[in-house]
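A quick write-up on the structure given underneath.
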Amino acid sequence: MWQPDELGPGFEYSTLPLMDDDEGVVVTTLVRHVPANDPLALRATPSAPRFAFLAIHGWNEYFFHAELARVISSAGGAFYAIDLRKYGRSQREHQSAGYITSISDYDEDIHAALDVIYENHGWDIPLVFYGHSTGGLTAALWADRHPGALSGLVLNAPWLEFQGATIVRQLGTPIIDSLARISPEVILPLPDTGFYNRILTAWRDEHEPEPEEGDTDPFTTTGWSFNPKWRRTPSTPVRAGWLLAILHGHAQVAKGLDISCPTIVLTSNATLFSDKWSPDMRSADTVLDVEQIWRRVPSLGRVTTLIRLEGAIHDVTLSRAAVRTQAFGEIRRWLRTYVKTDRPGH
């Protein structure tokens, strides 16, 4: 069932079959971290996990965040990540990359993953979800629909509102709805500057200084290592039916959710949108407007925590080393405070 993963020793994946859709065969892929087999596992990582942790990626993404896995494992978590249908390890040649028509389509993927997690760790293990960007929207809506299922929810720059303003979403939804009814798979001509990819690959222009001698941070030296077939540049094309599903998700968030478990939201402390490259983009969210995220946080659920990280990029766990250290510290502190990790009979 488990096979060696491309991330190397300590990482394994399992392909889980799902129901076919209009494009044919559909699968989802579960990746797990096995610290005992990982030579880079952090010191003092517990041998017996106290909670399970499932990470959900964002748009044009897949799981490649080995450092996140090691941090969560060291905090006592059984770390799993899912490559949702039509993304990354789960995409097949006959499929339109990332395409769905309802965010709830992912319930089947998530429940298939949970079946494996519970089979491996028992039904009483506390469960924590993690979602980044679009994955944050997916995780938040799932948590709202499944009260009591989670012990905690971690959201990394979740996409909770359409870019521009709520009024833009409200005015644009009828137009996208009409287009999606006529041709749901039509590709929308949305621009991609490529600046975020420059940040992740440590690209620098001729005016930017070289990394300091002895610097080993991938953010400033080599860039993060990912499969360009699964994280594309330019980004995966956006289709009308998919965007309509996202807009409907934003509308649900705007009405207010009732997530029953404690929730932590981490974002950059600043947004920087521009059609011209600037080194300042290495210290800001260049994908989403963080102030829009902040406005939605109080209405997510009953217990919410907002962490604004100075110098973070869109994916705070891929920021420069000092920011990552702070982000992981905040997550670990929150897990100790809010997530029940004492299992009955264990």
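Residues take their numbers from the sequence shown, with the count starting at 1. Every heavy atom of this structure was used, including side-chain atoms; hydrogens, water molecules and symmetry mates were not. All values derive from a computational prediction rather than experimental measurement.
Residues Ala245 and Ile103 approach most closely at O-CD1, 3.8 Å, considering heavy atoms. Summarising the geometry of Ala52 relative to Ile117, their closest heavy-atom pair is CB-CG2, 3.7 Å, with the distance given to 0.1 Å. Considering every non-hydrogen atom in both Phe51 and Ala75, the closest pair reads CE2-O, 3.5 Å. In this structure, Ala139 and Leu155 approach most closely via the heavy-atom pair CB-CD2, 4.3 Å. Across every non-hydrogen atom of Pro126 and Ser151, the tightest pair is CB-OG, 3.5 Å. Scanning all heavy atoms of the two residues, the minimum distance from Ala140 to Ile259 falls at O-CD1, 3.7 Å.
Listed by chain and residue number, nothing satisfies the side chain to side chain donor-acceptor pair (under 3.5 Å) test with Thr305 (two or more places apart in sequence, or in another chain). Residues meeting the ring-ring contact (aromatic ring centres under 6.0 Å, His included) test with Tyr80, sequence neighbours left out: His121. Take Asp105 and apply the side chain to side chain donor-acceptor pair (under 3.5 Å) test, not counting sequence neighbours, and it matches no residue.
Val34 and Phe11 are members of different hydrophobic clusters when ILVMFWY side chains are connected at heavy-atom separations under 4.5 Å. Under the 4.5 Å side-chain heavy-atom criterion for Ile, Leu, Val, Met, Phe, Trp and Tyr, Leu84 and Val26 are members of distinct hydrophobic clusters. Ile199 and Trp224 fall within the same hydrophobic cluster, where Ile, Leu, Val, Met, Phe, Trp and Tyr residues are linked whenever their side-chain heavy atoms come under 4.5 Å apart, directly or through other members.
Looking at Arg204, its side chain does come within 3.5 Å of a backbone N or O of Thr220 through a donor-acceptor pair. Under the 3.5 Å distance criterion, the side-chain polar atoms of Thr28 are left unmatched by any main-chain donor or acceptor of Leu16. Listed for the Asn120 side chain is a donor-acceptor partner under 3.5 Å among the backbone atoms of Val116. Under a 3.5 Å cut-off, the side chain of Thr193 and the backbone N or O of Phe195 do form a donor-acceptor pair. Checked by atom type and distance alone, the side chain of Gln95 pairs as donor or acceptor with a backbone atom of Val25 at under 3.5 Å. Thr138 contributes a side-chain N or O that, together with a main-chain N or O of Thr134, makes up a donor-acceptor pair within less than 3.5 Å. Side-chain atoms of Thr267 never come within 3.5 Å of backbone atoms of Val290 as a donor-acceptor pair (strictly under, hydrogens ignored).
In this structure, Asp315 and Asn156 have side chains that are in contact, with non-hydrogen atoms separated by less than 4.5 Å. Two residues are said to be in side-chain contact when any heavy atoms from C-beta on lie closer than 4.5 Å; Thr15 and Met1 fail this criterion. At least one side-chain heavy atom of Pro9 sits under 4.5 Å from a side-chain heavy atom of Pro39. Looking at heavy atoms from C-beta onward, Phe63 lies out of side-chain contact with Ile82 at the 4.5 angstrom threshold. Contact check for Trp59 versus Ile246: no side-chain heavy atoms found under the 4.5 Å cut-off. Residues Val339 and Arg50 have side chains not in contact (no heavy-atom distance under 4.5 Å, counting atoms from C-beta outward). Under the 4.5 Å side-chain criterion, counting only non-hydrogen atoms from C-beta, Asp285 is not in contact with Asn269. Phe64 is not listed as a side-chain neighbour of Glu6, based on a closest heavy-atom distance of 4.5 Å or more.
Between atom CD of residue Glu210 and atom OG1 of residue Thr221 there is a gap of 11.0 Å, rounded to the nearest 0.5 Å. Going from atom CD1 of Ile313 over to atom OG of Ser268 covers 9.0 Å, rounded to the nearest 0.5 Å. Remark: Gln326 CD to Ser319 OG distance equals 10.0 Å, nearest 0.5 Å. To the nearest 0.5 Å, atoms CZ (Arg282) and CG (Leu272) are separated by 12.0 Å. The distance from atom OG of Ser90 to atom CG of Asp109, rounded to the nearest 0.5 Å, is 7.5 Å. Here the CG-CZ distance, from Leu68 to Arg324, works out to 11.5 Å after rounding to the nearest 0.5 Å.
Remark: the Glu185 side chain and the Ser96 side chain contain an N/O donor-acceptor pair separated by less than 3.5 Å. Side-chain N/O atoms of Asn60 and Thr236 include a donor and acceptor closer than 3.5 Å. Side-chain contact of Thr45 with Ser73: a donor-acceptor pair under 3.5 Å is absent, judged by distance alone.
Taking the six-membered ring where the residue is Trp, the centroids of His250 and Trp159 are separated by under 6.0 Å. Between Trp242 and Tyr99, a ring centre-to-centre spacing not shorter than 6.0 Å is recorded. A centroid separation of 6.0 Å or more is found between the aromatic rings of His65 and His33. Residues Trp2 and Tyr13 place their aromatic rings such that the two centres sit no closer than 6.0 Å. Taking the centre of each ring, Phe79 and Tyr130 stay at or above the 6.0 Å mark. Taking the six-membered ring for Trp and the full ring otherwise, Tyr87 and Tyr62 have centroids separated by 6.0 Å or more.
Of the charged side-chain nitrogens involved, none lies within less than 4.0 Å of a carboxylate oxygen, so that Asp217 and Arg320 do not count as a salt-bridged pair. We find that Arg308 and Glu291 are not joined by a salt bridge, their nearest charged nitrogen and carboxylate oxygen being 4.0 Å or further apart. Salt-bridge check for Glu23 with Arg92: failed, with every basic side-chain N at 4.0 Å or more from each acidic carboxylate O. Remark: Arg89 engages Asp5 in a salt bridge, criterion side-chain N to carboxylate O under 4.0 Å.
Counting only residues at least two apart or on different chains, the salt bridge (Lys or Arg N to Asp or Glu O under 4.0 Å) pairs with a member in residues 250-265 are Asp258-Arg302. Note on residues 290-320: pairs passing ring pair (Phe, Tyr, Trp, His ring centres under 6.0 Å), not counting sequence neighbours, are His132-His314, Tyr196-His314.
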Sequence neighbours excluded and cut-off under 3.5 Å, please list the side-chain donor-acceptor pairs for residues 328-335, or say none.
| unit_1 | atom_1 | unit_2 | atom_2 | d |
| --- | --- | --- | --- | --- |
| Glu330 | OE1 | Arg333 | NH1 | 3.1 |
| Arg332 | NH1 | Ser74 | OG | 2.6 |

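Under a cut-off of 6.0 angstrom, the local environment of CG in Asp275 is sparse, with at most 12 non-hydrogen atoms contributed by other residues, nucleotides or ligands. Other residues, nucleotides and ligands contribute at most 12 non-hydrogen atoms within 6.0 Å of the CE atom of Met19. Within 6.0 Å of the CG atom in Asp22, the count of heavy atoms belonging to other residues, nucleotides or ligands does not exceed 12. Remark: Glu208 CD is packed, more than 12 non-hydrogen atoms of other residues, nucleotides or ligands lying under 6.0 Å away.
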Audit row: Ser104, Trp142, side chain to side chain donor-acceptor pair (under 3.5 Å) steps and yes/no: CA-CA 8 Å; Ser104 63; Trp142 189 93; over 6 Å; no
Verdict with reasoning, Leu30 to Leu54, per side chain to side chain contact (heavy atoms under 4.5 Å, CB included): CA-CA 9 Å; Leu30 191 62; Leu54 179 64; 3.9 Å; yes
Derivation of the salt bridge (charged side-chain N to carboxylate O under 4.0 Å, His left out) call for Asp21 and Arg85: CA-CA 11 Å; Asp21 69 1; Arg85 62 181 67 198; 5.1 Å; no
Steps toward side chain to side chain donor-acceptor pair (under 3.5 Å) verdict (Asp83, Thr29): CA-CA 5 Å; Asp83 277 9; Thr29 306; 5.5 Å; no
